[in-house]
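I have placed the structure first, in the form of structure tokens, so that the comments after it can refer back to it.
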Amino acid sequence: MNLLKILDKLSNDKFFTTEASRLETITNMSTMGKQAAVAAAPLGLGMLMATPAKAETLNTVPGTTYKTALTDALQLALVLEYLESEYYTIGLSTAGLIPSVDRTVFMQIAKHESAHVNFLKSTLTSLGTTPGTKPTFDFTVNGSFTPFTNYNQFLILAQAFEDTGVRAYKGQAGNVMSNKAVLQAALQIHSVEARHASQVRRMRANKGWIELADGGNMPAATNAVYAGEDNTTQAGYNTATAFGAAAGSAAYDEVLSGSDAQTIASLFIV
């Protein structure tokens, strides 16, 4: 699995500094988002999910097996779990970063992510496939972010990672259906990731769910994580008719394709 590397430095030095006012912070988020979109243009990150995502299904091209689709899905999940586990490990080991009132939450989340990594590695091995090695991560994106010196940024990236993971697990459901035991475990992990996402969102004073592709006080650079979440049509039924667009979109979380999840994760991979 070849992962892309984006290490273009964004130029806004005031992004989420402690000196910035609330209004300046919002302005800086918008500016940073525009810069990130330009930096990511060669990979189309700013254009990801222009239309509602469709669930990925098993490849039925002759010579492609169910096992290949299954193991590819598990390898993708492993990359995302490696990313989350490493992120929280570094955050918890950084003195003075996470307030004591929040440490218990992130300690528990970190344990969950570590357990998910171990499960995925064990499952891939049992299927006769060598688990991918943990990538080298750069959570600063070559100095553009400072999540380990700025707790606000730490929470923002935590939310983006968790929300990405929730959508990515759903996007791979069709590719793990060939193994009922793995499908059940994947669904169990997915629900826990959703609890993580909701918890972190509330820690940032956001709603626990997503409405109309609005991540909630997130920089525009994270738009790809939420693109497509404004969809209100489910199995031909327009949920907005009965509940309104905001409630209709929030009632159904959208999937994220494997390629899109990989591209988002690759921003932080060296």
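Worth knowing before you read on, the calculation uses all heavy atoms, side chains too, and leaves out hydrogens, waters and symmetry mates. Note that the structure is a prediction, hence the values are computed from the model and not measured.
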Side-chain donor-acceptor pair under 3.5 Å between [X] and [Y], yes or no?
| X | Y | value |
| --- | --- | --- |
| His116 | Glu193 | yes |
| Asn206 | Gln159 | yes |
| Glu113 | His196 | yes |
| Asp163 | Tyr226 | yes |
| Thr263 | Asp260 | no |

Answer yes or no: is there a donor N or O on one side and an acceptor on the other, between the side chain of [X] and the main chain of [Y], under 3.5 Å?
| X | Y | answer |
| --- | --- | --- |
| Asn175 | Ala69 | no |
| Thr89 | Ser85 | yes |
| Thr123 | Leu120 | no |
| Ser122 | Asn118 | no |
| Gln234 | Thr239 | no |
| Ser249 | Asp230 | no |
| Gln75 | Gly132 | yes |
| Gln153 | Thr146 | yes |
| Arg167 | Glu229 | no |
| Arg103 | Leu92 | yes |

Among the clusters formed by ILVMFWY side chains lying less than 4.5 Å apart, do [X] and [Y] turn up in the same one?
| X | Y | value |
| --- | --- | --- |
| Val166 | Trp209 | no |
| Ile90 | Tyr151 | yes |
| Leu187 | Val176 | yes |
| Leu80 | Leu267 | no |

Provide the closest heavy-atom pair for [X] versus [Y] in the form atom of the first, atom of the second, distance.
| X | Y | value |
| --- | --- | --- |
| Thr71 | Leu124 | O-CD2, 3.8 Å |
| Leu76 | Gly258 | CD2-CA, 3.6 Å |
| Gly228 | Glu254 | O-CG, 3.2 Å |
| Ala160 | Val225 | O-CG1, 3.9 Å |
| Leu97 | Pro99 | O-CD, 3.5 Å |
| Pro131 | Leu78 | CB-CD2, 3.9 Å |

As an exercise, state the distance from [atom1] of [X] to [atom2] of [Y], rounded to the nearest 0.5 Å.
| X | Y | atom1 | atom2 | value |
| --- | --- | --- | --- | --- |
| Arg195 | Ile109 | CZ | CD1 | 12.5 Å |
| Ile189 | Tyr169 | CD1 | OH | 4.0 Å |
| Tyr88 | Leu83 | OH | CG | 9.0 Å |
| Leu183 | His190 | CG | NE2 | 12.0 Å |
| Phe119 | Ser126 | CZ | OG | 8.0 Å |

If we only count heavy atoms from C-beta on, is the [X] to [Y] side-chain gap below 4.5 Å?
| X | Y | value |
| --- | --- | --- |
| Ile98 | Val105 | no |
| Thr164 | Leu256 | yes |
| Asp102 | Met203 | yes |
| Pro135 | Val270 | no |
| Ile269 | Asp138 | no |
| Leu74 | Leu70 | yes |

**Report entry** Carboxylate-amine/guanidinium proximity below 4.0 Å for Asp253 and Lys170
**Finding:** yes
Query raised in the report: Do Phe137 and Phe268 have their ring centres less than 6.0 Å from each other?
Result: no
Requested in this report: Would you please name every residue forming a ring pair (Phe, Tyr, Trp, His ring centres under 6.0 Å) with Tyr87, sequence neighbours left out?
Outcome: Phe139, Phe148, Phe154, Phe161
**Report entry** Hydrophobic cluster (4.5 angstrom, side-chain heavy atoms) - remaining members for Tyr237
**Finding:** Phe243
Requested in this report: Any chance you could lay out the salt bridge (Lys or Arg N to Asp or Glu O under 4.0 Å) test for Glu86 and Lys134, step after step, and finish with the verdict?
Outcome: CA-CA 9 Å; Glu86 180 82 355; Lys134 183 173 70 174; 2.9 Å; yes
Query raised in the report: Can you check salt bridge (Lys or Arg N to Asp or Glu O under 4.0 Å) on Arg201 and Glu162, steps first, answer last?
Result: CA-CA 9 Å; Arg201 293 175 64 82; Glu162 296 296 345; over 6 Å; no
